[in-house]
2 protein chains.
Amino acid sequence: MQEPIAPITWHNGQVEMIDQTRLPGELVFIRPRTVAEMWSAIKKLQVRGAPAIGIAAALGLYLAIKDSRARDRAGFEVELQQAAGYLASARPTAVNLTWALKRVQQAVAAAPASDIASLKEVVLKEALAIRAEDEAMCRAIGENGATLLQDAAAILTHCNAGTLATARYGTALAPVYYLASRGKVLKVFADETRPLLQGARLTAWELHQAGIPVTLITDSMAASVMARGWVQAVVVGADRIAANGDVANKIGTYGVAILAKEHGLPFYVAAPASTFDLSLASGAGIPIEERDAAEVTHFGLRPTAPEGIPVFNPAFDVTPHRYVTAIITEKGIIHPPYSENIARVLGA
Amino acid sequence: MQEPIAPITWHNGQVEMIDQTRLPGELVFIRPRTVAEMWSAIKKLQVRGAPAIGIAAALGLYLAIKDSRARDRAGFEVELQQAAGYLASARPTAVNLTWALKRVQQAVAAAPASDIASLKEVVLKEALAIRAEDEAMCRAIGENGATLLQDAAAILTHCNAGTLATARYGTALAPVYYLASRGKVLKVFADETRPLLQGARLTAWELHQAGIPVTLITDSMAASVMARGWVQAVVVGADRIAANGDVANKIGTYGVAILAKEHGLPFYVAAPASTFDLSLASGAGIPIEERDAAEVTHFGLRPTAPEGIPVFNPAFDVTPHRYVTAIITEKGIIHPPYSENIARVLGA
């Protein structure tokens with residue numbers, strides 16, 4: 001197996017990102033040079049996956065202020081604040097995005113330096129630290145998750161919570177990469193994940209690229225794969241996790257969790273500590289973004305449904321914690337009861 | 001609401017069929033004039049759905065012999081036999097196709113008339129009788145099913161078991177059309193039904209056309225629709241039903257059945273008596289056709305997955321009878337225990 005690819009790097013003084021909307025057909029790199037270009041890349045899902053969006057947003061802040069002509073620290077921080085608000089508006093549901101933006105702003109606020117050049121350096125260093133920590137975090141998630149999957153021959157996953165969604169390694173797929181690096185190759189069944197086909201375009205692509213055996217199925221085939229006994233666990237990522245363990249993730253996750261329960265399979269959620277939003281008592285408080293009907297009614301520009309047909313197109317769903325067997329974090333594995341154990345393991 | 005459209009009719013001395021490959025973009029009628037044109041229409045899926053294929057095949061037999069110059073009954077029956085073999089080869093696995101062909105041939109064999117003109121009339125009359133009986137059967141399924149859905153405001157369906165698949169009214173959608181004709185309009189959530197999108201292309205189209213409010217969702221959104229309390233029942237069709245009530249239907253049906261159970265919703269299967277295969281003790285004996293990987297990896301000619309990626313693409317799944325709340329047939333509603341009640345209601 002090969003090391004999984006890193007989707008967003010700082011290279012030769014530029015942000016270099018895989019344009020994930022071009023996968024799986026072409027491996028194209030884009031180099032956003034302004035905060036507007038980064039906002040657009042996030043909005044258009046050229047970068048996606050909570051941790052990768054956080055890294056992109058942090059680097060976007062640097063793009064916003066790298067040519068700042070602010071005269072003093074207060075002016076600089078106002079620019080930073082405005083850029084942060086702008087970047088956050090690209091994907092309102094993505095908690096990692098606002099987390100990364102806040103973290104960079106706090107680093108600037110805490111910096112002893114007061115000259116603008118040094119503060120710009122603080123922004124870049126903090127953004128790169130977020131990236132480096134995410135890679136280390138994903139590796140730790142992989143190592144922790146591997147202990148749960150040692151007896152599995154195959155897993156099923158939904159959407160893409162792989163290397164392409166993070167600095168490297170991913171969350172849901174990190175245990176697969178970790179085990180492969182130790183010589184144990186799991187097979188992966190990838191739900192295609194309608195409407196945007198992240199499973200077909202991204203998960204299948206990155207696993208194939210890394211030499212992991214992957215079988216692509218439509219979302220509607222997951223139940224048949226489970227009924228045939230072909231997978232021993234389900235592993236997915238998360239966009240946001242409430243204090244009681246309710247998990248918001250890509251639309252379709254909730255259905256897969258029900259199918260796993262019905263087939264007696266463990267349903268694992270892999271996510272870094274930053275995914276938890278302990279201000280939310282339950283998933284009921286998580287806003288669910290609804291997206292454009294055309295994602296469902298068209299393929300590319302080609303209509304596949306009657307014109308003007310009403311569509312319900314939520315981007316996420318909430319899986320109640322009772323369906324979640326365990327949550328794999330970089331700080332350890334969290335088992336139920338979540339209300340106690342999340343706070344304990346995260347040290348919150 | 002309008003009367004649902006009939007996809008295949010005999011009109012002004014011609015077969016008139018909706019070209020279903022042009023839906024939902026355009027409503028185009030084709031008029032096959034020869035058995036070869038009908039063979040091609042069946043082969044190219046311009047007509048699909050088991051009952052509609054049977055009707056098309058029967059009318060195809062008439063096209064084959066309407067200009068016959070056979071000198072005697074024996075010669076005529078040989079021509080009929082050859083045409084039947086030819087038409088059956090268009091969709092070798094379609095049970096209704098061979099059933100309809102045999103029925104027309106048997107009607108000719110049993111006819112007292114011996115002049116060729118009269119035998120030609122027998123072929124046409126039998127083909128039209130198959131069509132008329134299917135319409136009456138679907139209407140009866142609608143009337144029977146309506147009693148189960150009187151308190152529902154909305155249902156969810158998977159694939160297309162509607163008017164386009166039958167002579168008229170459909171099976172799963174027949175109760176919706178029946179209730180609408182009585183002034184009670186149900187709302188329908190239509191799973192798009194990957195990989196071939198029968199829900200998006202056909203179910204959404206025909207309901208919209210008939211003035212029934214329909215909302216299109218991806219298959220992965222069904223669980224969210226149920227969790228929100230937006231539907232009060234699931235109704236689907238069937239390709240084959242075993243003696244114990246196990247149901248083979250379009251891939252994804254089994255998953256929807258599990259989701260219905262988890263949300264406390266009734267899961268109804270609507271199908272004519274001819275769908276039951278009492279020679280099969282359970283669904284384990286039903287062969288599951290696996291189809292071309294390109295259906296999953298491509299949209300039209302456009303690849304949406306990495307080239308050469310392995311795919312599992314079963315056309316059907318089997319829903320164990322314990323998930324089936326009731327089976328709606330033209331002869332009545334069958335409740336569990338199915339092993340006893342199927343035989344009783346069908347009078348087998």
Side-chain angles (χ1 to χ4, degrees), chain A residues 23-25 158 189-195 197 199-201 204-205 208-209 213-225 227 230 250-259 261-263 288 293 295-297 299-300 302-314 317-318 320, chain B residues 23-25 158 189-195 197 199-201 204-205 208-209 213-225 227 230 250-259 261-263 288 293 295-297 299-300 302-314 317-318 320:
Chain A
L23 293 176
H158 188 76
F189 284 84
D191 280 357
E192 65 173 6
T193 316
R194 281 282 286 149
L197 297 174
R201 291 188 295 106
W205 183 85
H208 199 55
Q209 172 99 354
V214 55
T215 299
L216 178 63
I217 58 171
T218 67
D219 304 322
S220 59
M221 294 166 192
S224 283
V225 165
W230 288 352
K250 183 58 57 195
I251 186 67
T253 301
Y254 168 48
V256 174
I258 293 174
L259 299 181
K261 177 193 161 199
E262 192 70 13
H263 291 93
I288 301 297
E295 290 181 354
V296 176
T297 57
F299 245 77
R302 184 176 152 216
T304 51
E307 208 182 317
I309 206 81
V311 163
F312 172 55
N313 183 20
D317 57 28
V318 173
Chain B
L23 294 176
H158 189 76
F189 284 84
D191 280 358
E192 65 174 5
T193 316
R194 282 280 287 150
L197 298 173
R201 292 188 295 107
W205 182 87
H208 197 56
Q209 172 95 358
V214 56
T215 299
L216 178 63
I217 58 172
T218 67
D219 304 321
S220 59
M221 294 166 191
S224 282
V225 165
W230 288 351
K250 183 61 56 195
I251 186 69
T253 302
Y254 169 48
V256 174
I258 292 173
L259 299 180
K261 177 193 162 197
E262 192 71 14
H263 291 91
I288 301 297
E295 290 181 355
V296 176
T297 57
F299 246 78
R302 185 177 151 215
T304 52
E307 209 182 316
I309 206 82
V311 164
F312 171 55
N313 183 20
D317 58 27
V318 173

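Numbers restart at 1 for each chain; the letters A, B, ... are given by sequence-line order, proteins then strands.
A:Ala305 and B:Pro24 make their closest contact through C-CG, 3.3 Å (heavy atoms, listed as atom of the first residue, atom of the second, distance). Minimum heavy-atom separation, B:Val311 to A:Thr215: C-CG2, 3.9 Å. The two residues A:Ala200 and B:Pro306 make their nearest non-hydrogen contact at O-CD, 3.1 Å. Between B:Val225 and A:Phe312 the shortest heavy-atom distance is CG2-CD2, 3.7 Å.
For B:Leu23, no part lies under 4.5 angstrom from a heavy atom of chain A. Heavy atoms of A:Pro314 lying under 4.5 Å from chain B belong to its backbone as well as its side chain. The contact between B:Lys261 and chain A is made entirely by side chain atoms (from C-beta outward), counting heavy-atom distances below 4.5 Å. Residue contact with chain A, scored on non-hydrogen atoms closer than 4.5 Å, involves the backbone of B:Glu307 exclusively.
Listed by chain and residue number, B:Phe267, B:Thr319, B:Tyr323 satisfy the side-chain contact (heavy atoms from CB on, under 4.5 Å) test with B:Ala257 (two or more places apart in sequence, or in another chain). Listed by chain and number, the residues in a ring pair (Phe, Tyr, Trp, His ring centres under 6.0 Å) with B:His263 are A:Tyr254 (sequence neighbours excluded).
Between A:Pro195 and B:Met221, the closest side-chain pair of non-hydrogen atoms falls below 4.5 Å. The side-chain heavy atoms of B:Asp219 and A:Arg194, taken from C-beta on, include no pair separated by under 4.5 Å.
Distance OG/A:Ser224 to CD1/B:Ile288: 7.5 Å, rounded to 0.5 Å. Rounding to the nearest 0.5 Å places OG1 of B:Thr297 at 7.5 Å from CG of A:Leu216. Taking CG of B:Leu259 as the reference point, atom CG of A:Leu259 lies at 5.5 Å (rounded to 0.5 Å). The NE2 atom of B:His208 sits 4.5 Å away from atom CD1 of A:Ile309, with the distance rounded to the nearest 0.5 Å.
When each of A:Thr304, A:Leu197, A:Asp317 is checked for heavy-atom pairs under 4.5 Å with chain B, A:Thr304 comes out on top. The candidate with the highest count of non-hydrogen atom pairs below 4.5 Å against chain B, out of A:His158, A:Glu192, A:Arg201, is A:Glu192.
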